[in-house]
Structure formats: C-alpha cells, structure tokens
**Student:** 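What follows is a structure written as structure tokens; I'll ask about it next.
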There are 2 protein chains.
Amino acid sequence: MPVFLSTRDADFEDQFTALLGAKREDSPDVDHIVAEIIADVRARGDAALLDYTAKFDRMVLSADQLAFTAEEIDALVAQVSDEERAALEVAAARIRAYHERQMPEDQRWVDDSGAELGWRWTPVSAAGLYVPGGLASYPSSVLMNAIPAKVAGVGRLAITVPTPDGIANPLVLLAARLAGVDEIYRIGGAQAVAALAYGTETVRPVDKITGPGNAFVAAAKRRVFGKVGIDMIAGPSEILVIADKDNDADWIALDLLSQAEHDESAQSILITDSEAFASDVVAAVEKRLETLERRAIAGASWRDFGAVVLVEDMDQAAALSDRIAPEHLELCVADPDALSEKITHAGAIFLGAWTPEAIGDYVGGPNHVLPTARSARFSSGLSVMDFVKRTTLAKMTPAALRAIGPSAEVLAKSESLEAHGLSVTARLQKLND
Amino acid sequence: MPVFLSTRDADFEDQFTALLGAKREDSPDVDHIVAEIIADVRARGDAALLDYTAKFDRMVLSADQLAFTAEEIDALVAQVSDEERAALEVAAARIRAYHERQMPEDQRWVDDSGAELGWRWTPVSAAGLYVPGGLASYPSSVLMNAIPAKVAGVGRLAITVPTPDGIANPLVLLAARLAGVDEIYRIGGAQAVAALAYGTETVRPVDKITGPGNAFVAAAKRRVFGKVGIDMIAGPSEILVIADKDNDADWIALDLLSQAEHDESAQSILITDSEAFASDVVAAVEKRLETLERRAIAGASWRDFGAVVLVEDMDQAAALSDRIAPEHLELCVADPDALSEKITHAGAIFLGAWTPEAIGDYVGGPNHVLPTARSARFSSGLSVMDFVKRTTLAKMTPAALRAIGPSAEVLAKSESLEAHGLSVTARLQKLND
C-alpha cells in the first residue's frame with residue numbers, strides 16, 4: 001500500500017516533507033573503476049574498447065567490427081514489422097515537427113549609441129548518444145535524443161549501443177536510421193563514453209554526449225564533463241497525477257502504473273480532493289497489479305514510493321505540485337488549462353484526462369527526457385537548445401566608443417585592471433588626435 | 001617571449017595541437033575539505049557559518065549580522081564616487097537592455113491531429129550569486145550575473161560575498177542594489193555555497209547558484225549540483241585576436257594584455273597574416289609590460305601561455321579559431337562581419353578594431369561570463385536562459401488520441417511497457433463503447 005496523506009492531518013507538513021526527502025536510489029560508487037576504464041581507453045584506444053567489449057558484452061570483435069556497417073543495419077532493420085515501422089515513423093514525424101519549432105533565432109540590432117549588438121546560434125559540430133542495451137534499450141529514447149540534435153543541425157551524430165552476446169535491437173537501429181544518425185558503434189558502458197569523449201582510432205570524438213545509462217555510464221559522463229558537454233544525469237522516473245472525482249479510476253490507475261512499471265525506484269503520486277475517488281484509484285491499481293506483466297517492478301514501486309495526497313481544493317494541489325516539481329504532471333480536472341496556470345515547476349504537463357502520460361513518451365511530440373528529482377525547479381527537458389550554442393556579437397563605431405568607452409575606463413580603474421582601461425583609452429586618444 | 005608558430009612550419013600541426021592541449025591550471029584537490037564543510041553547514045546551520053567566517057575571514061559575527069542591513073548597505077554605497085556610480089549605471093542599463101531581448105517566448109499551437117501542443121517558460125524561484133572577496137571582487141560580475149536573473153523574473157536573488165577582516169567593496173554593494181538583489185550575506189567559501197544550497201536558520205535555500213570563485217567554491221558548486229542548478233565552472237580567461245597588418249600594434253597589444261593581466265593562467269593568442277605586424281605587436285606588448293601595474297601577472301601569462309600564430313590567409317585563421325573555440329574573439333580585419341561568418345565556435349565575438357574586448361567586460365551589453373577551455377564548442381555564455389526553465393505542454397482530444405494513440409500502443413508493446421499501452425487502450429475503448 002502506498003502512503004496516504006491528507007492536508008487536514010495535524011502532522012501533514014512533516015509527512016509531506018518526508019515524502020519529498022525520501023531517497024529512492026542508491027548509487028553504487030563505481031567512480032574509481034570508471035576512472036580506470038577512461039584512462040585505459042585514452043591510452044590504448046580501440047584495443048581497450050575491444051577488451052572491455054569481450055569482457056562485459058562477451059563479444060570478441062576486431063576493430064573493423066566496432067561500427068555497424070550499412071549492410072548489417074539493413075539486415076536488422078528488415079526484421080522490424082510493418083506495424084512497428086509505421087508507429088516509429090509516426091513518432092519520428094511528430095517529434096521532429098515539435099522540435100523544429102524550438103530552433104532559436106539570431107538577433108542583430110543597432111542601439112542608441114550606434115553600437116551594433118546581437119547574437120548568433122550555431123549547432124554543436126558532433127554529438128554522441130548513449131543507448132543502453134538489454135531491457136532499457138528503448139527505440140523511443142533514440143528518437144527523443146537524436147531528432148533534436150539533427151533538427152539543431154548537428155553535423156555528425158554517433159550512437160553507441162552495447163550488444164551483449166551479439167544481440168542488437170532492430171527497432172533501435174531503425175529509430176537511429178529514421179532520426180538520421182550517422183554512425184552506430186556496438187560498444188557500451190564507461191568505455192563507450194570515453195571513446196565518444198576522447199576518440200580512438202575508429203571512434204572520432206564528439207563535443208556533446210547525451211542519453212541515459214546505468215551507474216557506470218552516469219559516472220563516466222560526470223568524469224568527461226568539461227572535455228565535452230553532457231545532458232543531465234537522470235534519476236528514477238516520476239509522475240504526479242492531479243485528478244478530481246470525475247475521472248475513470250482505472251485510467252488514473254494505469255497512468256500511475258505506467259511510471260511505476262519503469263523501475264522499482266520510480267514514484268507515482270496521486271493528489272485528489274475526493275477521498276472516495278482516492279480509494280477507487282488505489283483499488284484499481286491493486287486490481288491491475290494482479291495481471292500486469294511487470295507487476296513485480298510496478299508493485300514494488302507503488303508499495304515503497306507511491307503516495308496518495310488528499311487536498312481540500314485544487315489550489316492546494318497546485319501548491320503541493322510546485323513543491324514536488326514533478327517530471328511528469330497530469331492534470332485530470334474539468335479545466336486543466338486554468339489549473340496549469342497555477343503551476344510553476346514541472347518538466348511536462350499533460351492537460352486533461354484524454355492525455356495519458358504514455359502519449360508523451362512516444363508520439364505526443366514533446367521530449368520525454370525530462371528533469372527528475374525536483375530538478376524541474378531549475379532545469380528543462382532535452383530540446384534543440386541542448387545541441388546549439390550562442391555566440392554574442394558586439395561592434396562599436398568610433399562614436400559608440402566615444403559614448404560608452406569612458407564608463408568602461410572608470411570601471412576598469414575601479415577594478416584595478418589597467419590594461420582593460422588602456423585598451424579603451426588608446427582608441428579614444430586616436431579619436432581626439 | 002610567447003611561443004611563435006607558423007602554418008608554414010613542417011611541424012605546425014604538432015605545435016598547434018600542443019598549444020591546444022597545454023594545461024594552464026592546477027586545481028588543488030580540496031574536495032574532501034569541501035565535503036566536510038558542506039556536511040557541517042547542513043548539520044549546524046548558522047553556527048557553522050559563524051565558525052567558518054571567524055576562521056577564514058577573521059570576523060566574529062552573531063547570526064543577526066550574517067546579512068547586511070539596508071542601513072549598512074546605504075552607508076557603504078554612499079562611499080562610491082559620483083563618477084563610479086554613473087559608470088555602473090551606464091553598464092547596468094546597457095546590460096539590462098541587451099538581456100531583455102533574450103527572454104524566450106511561450107508557444108502553443110494545434111496540430112493536424114487536433115492535439116494542442118506547446119511549451120511555457122517560467123523563472124527559477126530563487127537564485128544565489130557567489131561574489132568573491134578581495135582582489136577578484138568585481139562589481140561588473142555582480143551586474144553580469146544578477147541582471148539576467150532579474151530580467152528572467154527570479155523572485156528572490158541572494159548574494160554571498162566574504163568580507164575578510166570586515167572589509168566590504170562599496171562598488172559590489174552598489175552593483176547589487178542597481179541590479180535589484182534582494183539579500184546580501186557577508187559569507188564566502190564552500191560554506192556560503194552550502195548555505196545557499198541547503199539553507200540555514202538565516203539563509204533561505206535557493207534553486208540555482210551562479211558566479212565565479214576559487215577552488216573551494218568550484219568544488220562546492222560541483223558537490224551541490226543536482227540539489228540545485230549551477231552555472232559552468234569557469235577556467236582561466238582567454239582571448240584570441242585575429243588581426244591583419246592594418247592595425248595599431250599598441251591597440252592589439254593592450255587587448256592581449258587585458259586578458260593576460262587577469263591571471264597568470266590566462267591565455268592571449270594573436271593570429272595574423274603579417275610577420276612584420278606580429279613583430280610589432282610583440283614589441284608593443286614588451287613595451288607596455290615595462291610600466292603596466294599588473295606587469296608581474298600579465299608578463300607571466302604572456303610568457304608562459306601567450307602565442308603568436310602566423311597564417312597565410314584569413315580562411316586559415318578562421319579554421320584555427322574554431323579549433324581553439326575561444327572565450328573571447330576579436331576580429332580586427334577590414335570586413336569583420338564576413339570573417340565572423342566563417343567562425344562557428346566562440347563565446348563572444350568583437351567585430352572590428354574599434355571594439356576592444358574590455359568594452360564587453362563592462363558596458364557593451366552582452367554577458368562577460370563566457371565558456372572557457374574550448375567549451376564554446378558545446379556551451380554558451382550566461383544569459384536569461386540560465387534562470388528560466390521550460391515546461392512542455394500536451395493536450396489530446398478524443399479525436400487526436402484516436403489518431404495517434406494506436407502508434408503509442410504499438411511502441412509500448414515493443415518496449416514491453418504494458419501499462420503504458422493499457423493507459424491508451426483503456427481510453428480508446430471508451431471511445432469505441
């Protein structure tokens with residue numbers, strides 16, 4: 001049974017604070033192992049990659065087998081059913097259409113002083129996407145990471161995906177092809193991250209690495225950060241559903257379970273203003289858990305981290321939601337737009353009962369890589385913005401320098417940076433000659 | 001003497017690679033000390049802050065003295081000369097005007113399926129700005145960090161600034177006031193970062209921490225990342241000047257020195273297509289170094305990390321610039337706009353000889369917090385975007401769900417996420433009832 005809280009309880013504040021602070025994940029300390037692997041890949045390149053792949057993925061490869069050939073991709077992609085291919089194409093098209101609107105615009109203007117100012121956006125030249133192998137090898141994640149990169153204009157996009165015992169997921173390869181990925185390597189773990197960051201004889205280095213992974217991959221991304229850019233290190237997934245009594249309890253139960261089935265550390269929370277509806281949802285969850293394929297995982301998540309919070313009204317619900325700052329937020333109420341206006345911190349909002357969160361995982365269009373663990377207070381989901389960077393521009397005229405240069409001279413002097421001031425003074429003197 | 005390279009040299013590629021790879025900074029490993037300080041502040045709150053302030057800043061305070069009072073700020077601000085106040089006001093107004101154009105726009109649209117999609121930007125609720133004490137206590141940096149936060153709409157903006165032996169910089173306090181900072185604490189070091197991230201009895205926690213600092217501050221920011229957002233950890237400053245022979249060698253020398261005077265680890269590079277001009281600049285640098293106030297620092301930087309690169313034409317210059325990915329790039333050539341079009345990776349570009357980099361440090365308008373150490377390949381300078389976050393929005397109609405829901409069902413099944421699929425199926429069944 002999940003924890004049950006009510007804002008009417010005298011100790012609600014303590015209970016809610018405990019819920020917010022609950023630690024859901026133990027990160028094993030693999031940092032020293034990862035440091036060794038990275039150093040080894042930097043020192044020995046392909047040879048190190050081949051050794052680790054033999055050891056961890058039980059595959060003896062030669063260097064020219066590190067990358068999938070076009071023929072190998074063709075053969076695997078041909079295994080995908082027409083139905084699955086069509087579904088991936090719908091998803092890719094919708095994700096692309098959404099992200100194309102995110103491309104930021106250059107600006108350039110002349111201000112009162114005559115100075116020309118502005119900025120310009122350019123894509124990252126090369127990006128690498130880590131794709132997990134095995135159970136968490138999600139083709140949808142390939143689309144969600146690769147399409148924004150390609151929309152941004154990334155010139156070279158490489159994927160690394162481990163293929164333990166030689167087993168590759170055809171859907172992952174098709175997703176990569178649909179997204180326009182340029183290179184696919186059958187490597188994984190910290191060694192794949194090291195190869196993307198530093199390069200080997202076969203793998204050319206990239207400038208930015210994104211994508212989910214296990215503790216080794218996360219530790220490797222932290223270590224190479226600075227040498228290359230990385231996306232956020234994601235924690236276990238979360239959903240908050242705010243629902244009034246006029247909902248189908250089974251729909252809400254399934255929405256809660258679709259987060260819970262990801263991971264035993266996932267968290268599903270229901271906030272409602274109806275005690276009867278809360279009971280109905282809890283019962284519906286229990287019923288679904290009897291037959292759900294992943295009932296062991298979903299059941300553990302719901303039991304250990306699930307929560308139901310009873311509120312007096314939806315204003316209370318919005319205030320609590322902002323304290324949770326959920327990764328996914330469903331607003332299953334009569335006027336979801338009005339309620340959403342009261343929400344400040346959330347990775348993604350799903351408006352109304354016809355918008356299950358799972359739509360957002362696949363075909364809605366918005367990205368499903370979203371800030372976890374309350375980081376929606378200060379960060380955003382993956383987007384085109386993660387694959388572009390801004391160069392600011394400034395161009396003075398003699399008149400502009402005459403107008404604003406003296407202020408720079410004063411401030412340089414006050415900061416005891418004489419050469420800063422002199423670089424302006426020398427130019428102003430020329431104007432006065 | 002700085003290193004001198006020519007693209008005509010047989011070993012140019014090796015020399016240039018060595019220049020790019022040169023390590024300019026030794027980061028002392030203070031991580032275990034910082035971990036202790038953070039744990040102590042979390043455990044003991046204000047009491048820990050007061051102890052560290054007594055120890056490191058030689059100031060015995062009580063908790064109610066941790067924050068500057070309005071009267072204390074008034075008294076300090078009154079010490080600022082009219083000339084300095086006016087210069088700060090010019091800088092603040094120009095920085096504000098530039099950053100106001102960066103505010104991103106919300107979007108909302110209905111697509112072919114009838115689904116309503118979009119996103120919304122909201123400000124970070126509370127931000128903290130670390131301001132160093134002593135020599136590196138720059139009022140210009142207060143403006144550059146605080147104004148974007150306030151333009152973004154950050155509700156509560158706190159500054160921490162150590163005041164060793166009780167000495168505060170009146171210009172820093174005035175800059176904070178001009179920028180609209182809400183709270184100013186006389187604390188510094190890892191303990192200040194810990195207080196901003198976790199809060200104490202006196203210091204309320206924030207969601208994002210920005211600003212420069214020493215090795216302790218940098219290590220503390222790395223440690224609290226995740227609990228709060230942080231900006232990039234800046235390395236030593238750099239400038240690349242691309243100049244043709246039609247320049248005043250003394251201007252260019254001063255521009256190179258205005259980076260070199262920051263720090264012995266700073267790096268100043270000149271790329272030119274004229275050997276004679278290169279010699280003139282080197283001579284002009286030597287001459288200025290005879291009298292420059294900070295000649296010890298600037299001289300060491302120029303000697304150890306300065307470089308002059310002779311190229312055959314400006315296309316070569318642009319290509320080398322992209323490999324350097326400089327923090328600051330000056331284009332002192334006849335047509336700087338045309339040359340800038342050939343540049344992809346740079347934090348800030350200063351167009352033409354009338355635009356010394358120092359203008360950008362103070363009054364140009366663009367931010368002076370910029371990506372160092374080649375990170376302009378994948379990241380941008382500080383901006384309003386660092387203080388806002390995006391919430392994506394999706395709203396299905398029954399018709400939209402009927403159109404795209406089946407693709408989600410197929411993909412959920414292919415990823416073995418049954419509840420994901422069922423959450424769509426249950427709704428589609430209702431439509432078919």
Side-chain angles (χ1 to χ4, degrees), chain A residues 83-84 87 90 107 117 122 124 138 140 171 207-208 229 250-251 254-255 257-258 261 292-293 344 346 348-352 354-356 358-360 362-366 377-380 389-396 398 401 404 407-408 410-411 414-415 417-420 422-424 426, chain B residues 83-84 87 90 101 117 122 124 138 140 171 207-208 229 250-251 254-255 257-258 261 292-293 344 346 348-352 354-356 358-360 362-366 377-380 389-396 398 401 404 407-408 410-411 414-415 417-420 422-424 426:
Chain A
E83 185 185 44
E84 287 174 321
V90 167
Q107 282 208 41
L117 299 171
T122 46
V124 169
Y138 295 138
S140 58
L171 281 159
D207 302 303
K208 175 117 189 182
D250 186 49
W251 293 10
L254 286 166
D255 297 351
L257 287 169
S258 69
E261 74 176 345
L292 200 67
E293 286 167 16
T344 306
I349 299 181
F350 303 86
L351 296 155
W354 290 102
T355 318
I359 283 292
Y362 296 117
V363 294
R377 291 173 298 125
F378 54 81
S379 63
S380 311
K389 65 269 184 326
R390 183 187 46 240
T391 299
T392 60
L393 303 170
K395 185 182 191 177
M396 294 293 125
L401 195 67
I404 68 174
S407 295
V410 170
L411 293 174
S414 76
E415 293 186 355
L417 293 171
E418 188 192 16
H420 283 65
L422 287 173
S423 73
V424 177
Chain B
E83 185 184 44
E84 287 175 321
V90 167
R101 292 178 179 250
L117 299 172
T122 46
V124 168
Y138 295 138
S140 58
L171 281 159
D207 301 304
K208 175 117 188 181
D250 185 49
W251 294 10
L254 286 167
D255 297 351
L257 287 170
S258 70
E261 74 177 343
L292 200 67
E293 285 167 17
T344 307
I349 299 181
F350 302 87
L351 296 155
W354 290 102
T355 318
I359 283 292
Y362 295 117
V363 294
R377 292 173 298 124
F378 53 81
S379 63
S380 310
K389 64 269 185 326
R390 184 187 46 240
T391 298
T392 61
L393 303 169
K395 186 181 190 178
M396 296 292 126
L401 194 67
I404 68 174
S407 294
V410 170
L411 293 173
S414 76
E415 294 186 354
L417 293 171
E418 189 192 16
H420 283 64
L422 288 173
S423 73
V424 176

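Note on naming: letters A, B, ... go to the chains in the order of the sequence lines (proteins, then strands), and numbering restarts at 1 for each one.
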**Student:** Mind checking what makes salt bridge (Lys or Arg N to Asp or Glu O under 4.0 Å) contact with A:Lys395, not counting sequence neighbours?
**Tutor:**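 For A:Lys395 the salt bridge (Lys or Arg N to Asp or Glu O under 4.0 Å) partners, ignoring immediate neighbours, are B:Asp337.
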
**Student:** With a 4.5 angstrom heavy-atom cut-off, which part of A:Thr122 approaches chain B: side chain, backbone, both or neither?
**Tutor:**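 For A:Thr122, the contact with chain B is made by the side chain alone.
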
**Student:** Taking C-beta and beyond as the side chain, do A:Pro366 and B:Leu117 meet within less than 4.5 Å on heavy atoms?
**Tutor:**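 Yes, at least one pair of side-chain atoms sits under 4.5 Å.
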
**Student:** Heavy-atom distances under 4.5 Å only: say whether A:Leu292 touches chain B with side chain, backbone, both or neither.
**Tutor:**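 Answer is both: backbone and side chain atoms of A:Leu292 are under 4.5 Å from chain B.
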
**Student:** Please identify, among B:Val124, B:Asp255, B:Val90, the residue contributing the most non-hydrogen atom pairs under 4.5 Å to chain A.
**Tutor:**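 Highest number of heavy-atom pairs under 4.5 Å: B:Asp255.
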
**Student:** Do A:Leu171 and B:Ser414 pass the side chain to side chain contact (heavy atoms under 4.5 Å, CB included) test, and can you show the C-alpha distance, the side-chain angles, and the key distance before you say yes or no?
**Tutor:** CA-CA 8 Å; A:Leu171 281 159; B:Ser414 76; 3.5 Å; yes

**Student:** How many angstroms lie between OH in B:Tyr138 and CD in A:Glu415, if you round to the nearest 0.5 Å?
**Tutor:**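 So the OH of B:Tyr138 and the CD of A:Glu415 are separated by 6.5 Å.
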
**Student:** Show your reasoning for whether side chain to side chain contact (heavy atoms under 4.5 Å, CB included) applies to B:Val363 and A:Ser407.
**Tutor:** CA-CA 7 Å; B:Val363 294; A:Ser407 295; 3.9 Å; yes

**Student:** Do you know which of A:Leu422, A:Leu393, A:Thr392, A:Leu254 has the most heavy-atom pairs under 4.5 Å to chain B?
**Tutor:**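 Among A:Leu422, A:Leu393, A:Thr392, A:Leu254, the one with the most close pairs to chain B is A:Thr392.
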
**Student:** What is the minimum heavy-atom distance between A:Asp250 and B:Ala426, and which atoms define it?
**Tutor:**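 Nearest heavy atoms, A:Asp250 then B:Ala426: OD2-CB, 4.3 Å.
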
**Student:** Looking only at heavy atoms, what is the nearest atom pair of B:Met396 and A:Trp354, with distance?
**Tutor:**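 Minimum heavy-atom contact is CB-O, 3.1 Å.
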
**Student:** Of all the heavy-atom pairs spanning A:Ala358 and B:His420, show the shortest one and how long it is.
**Tutor:**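 Reported closest heavy-atom pair: CB-O, 3.4 Å.
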
**Student:** Start with the C-alpha gap between A:Lys389 and B:Ser379, add the side-chain angles, then the distance that decides, and say whether side chain to side chain contact (heavy atoms under 4.5 Å, CB included) holds.
**Tutor:** CA-CA 5 Å; A:Lys389 65 269 184 326; B:Ser379 63; 5.6 Å; no

**Student:** So which heavy atom on A:Thr355 is nearest to which on B:Ala394, and how close?
**Tutor:**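 It is CG2-O, 3.6 Å.
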
**Student:** Does any backbone or side-chain atom of A:Leu401 lie under 4.5 Å from a heavy atom of chain B? Answer side chain, backbone, both or neither.
**Tutor:**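 Side chain of A:Leu401 only, per the 4.5 Å heavy-atom cut-off to chain B.
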
**Student:** Of all the heavy-atom pairs spanning B:Arg101 and A:Gln107, show the shortest one and how long it is.
**Tutor:**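 Smallest heavy-atom distance, with atoms named: O-NE2, 3.4 Å.
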
**Student:** Does B:Glu293 reach the main-chain N or O of A:Glu418 with its side chain, forming a donor-acceptor pair under 3.5 Å?
**Tutor:**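 Judged by distance alone, no pair lies under 3.5 Å.
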
**Student:** What distance do A:Ile359 atom CD1 and B:Ser423 atom OG have between them, rounded to the nearest 0.5 Å?
**Tutor:**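 So the CD1 of A:Ile359 and the OG of B:Ser423 are separated by 7.5 Å.
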
**Student:** Sort out for me which of A:Gly364, A:Gly352, A:Ala346 touches chain B most, counting heavy-atom pairs under 4.5 Å.
**Tutor:**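 Counting heavy-atom pairs under 4.5 Å, the top option is A:Ala346.
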
**Student:** Report the residue from B:Leu417, B:Val424, B:Val410 that forms a side-chain contact (heavy atoms from CB on, under 4.5 Å) with A:Tyr362.
**Tutor:**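 Exactly one candidate clears the test, B:Leu417.
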
**Student:** Using non-hydrogen atoms only, which part of A:Glu83 is less than 4.5 Å away from chain B: side chain, backbone, both, or neither?
**Tutor:**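 Both backbone and side chain.
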
